[in-house]
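Working notes, beginning with the structure itself.
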Amino acid sequence: MNDHLMNTYAPLPVAFARGEGAWLWDEDGRRYLDAISGLGVCSLGHAHPQVAQVIADQATRLLHSGNLVRIPWQEQLAEKLADVTGLEKAFICNSGTEAIECALKITRITGHGKGLDVPGVIVMEQSFHGRTMAALSATGSRKAQAGFEPLVGGFIRAPFGDLDAIAKIARRRQDIAAILVEPIQGEAGIRVPPAGYLTQLRSLCDEFGWLLIFDEIQSGLCRTGKWYAHQHENVIPDVLTTAKALANGLPVGACVARGPAAEAFSPGQHGSTFGGNPLVSRTACTVLDIMRNEDLAGRAHRTGGNMLEQFRQRLAANPDVREVRGRGLMIGIELTRDANRLKQAALDRGVLLNVTQDRVIRLLPPLIIDAEQAEEIVEVVFSLIEELD
Ligand SMILES: Cc1ncc(COP(=O)(O)O)c(C=O)c1O
């Protein structure tokens, strides 16, 4: 731990000096295969030449002008986001948690418009939506919330994947304005809901006049084999939050909406000094173009599908493995015991991976990994689990 950094992380004892594609090199020149992409951020891999070029070029032109003037690159980004989400309008911010804050403010203001004093938001147990006060309050983790009370009010919890619980809330309460849900829960350990769940949530929202908000901050941007994970079902939200991979490492988030939710704000009600600046917006436009041109959704579907199949086959009889879950290149392997020490063990074998919820090995490799790199990740993870004793 560094004496001058606040005690918020417990980092592994390694620092990377450079990267290229899915490879990282530490300060001593040792090479590692990246199977976590800085938590789902560097989906195009490290030092992507086109991304590097666009950042360098924009840095020589204009980094920042502020939102008091038009920003054409931000307008282009909003148009591209509308295209890939099927929604209408975007607010561009700097992180996932800010995108969530925007979605929650949209819910409050549209809810007040319907006469609700405290517009309620149904959120899921074990969800993760961020660390600012409202996002933290929406998050379904007592561990993350403990010590930070009083939390923001208005959140009603239901078990993830349980439609009856939501129907029960609908019968009991008149103050609900929205459902906020991750189409695949990330921090919770890559939990995939039952087929049809999102479609049924859409029906409930239509029936009761609630907004349906999908948090696709981790699951979005081609990671699961579609632009957004909810697109595996024929369903469209009213509001969607996206971030992480959007600028392949520059800080960015976006809240995208349609219908009344897209028209919720008027000037002065929401904003951000840095949000959507020319540098980040132009970079995000390039990232979206590369994702489309190189069909990274298709690639994630194929590579991730093969990895999942291999894990399922090879770990089926392993008593230390409770479940292999995921979609595309969003993969979780839940063990029956603590898996935290595998992070260092994997590093010793040249693979950087993550463990969430203590027992779930989480893999979010760059979407550009080739078959050989995918195979290497599978081999290392497989051998680590085999050798647990
Ligand atoms: C589903 C989800 N929502 C929100 C967030 C918060 O995003 P950020 O860390 O960019 O603020 C995360 C981050 O991991 C996430 O996975």
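Just so you know, ligand 1 is whichever comes first in the structure, and atom 1 is the first atom listed for that ligand. Because the structure is predicted, anything quoted here is derived from the model rather than measured.
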Salt-bridge test for Arg349 and Glu387: reply yes if a basic N is under 4.0 Å from a carboxylate O, no otherwise.
yes
Parallel, tilted or perpendicular, judged at 30° and 60°: which one describes the rings of Phe265 and His270?
parallel
Below 30° counts as parallel, above 60° as perpendicular, anything between as tilted: where do the rings of Tyr32 and Phe16 land?
perpendicular
Sequence neighbours excluded, the answer for ring pair (Phe, Tyr, Trp, His ring centres under 6.0 Å) partners of Phe128 is none
Chain-and-number sorted residues having a heavy-atom contact under 4.0 Å with ligand 1 are Ser95, Gly96, Thr97, Phe128, His129, Gly130, Glu182, Glu187, Asp215, Ile217, Gln218, Lys244
Between Leu81 and Trp73, is there a shared hydrophobic cluster once you connect ILVMFWY residues whose side-chain heavy atoms come closer than 4.5 Å?
no
State, without any angle test, whether Lys226 and His232 hold a side-chain donor-acceptor pair at a distance under 3.5 Å.
no
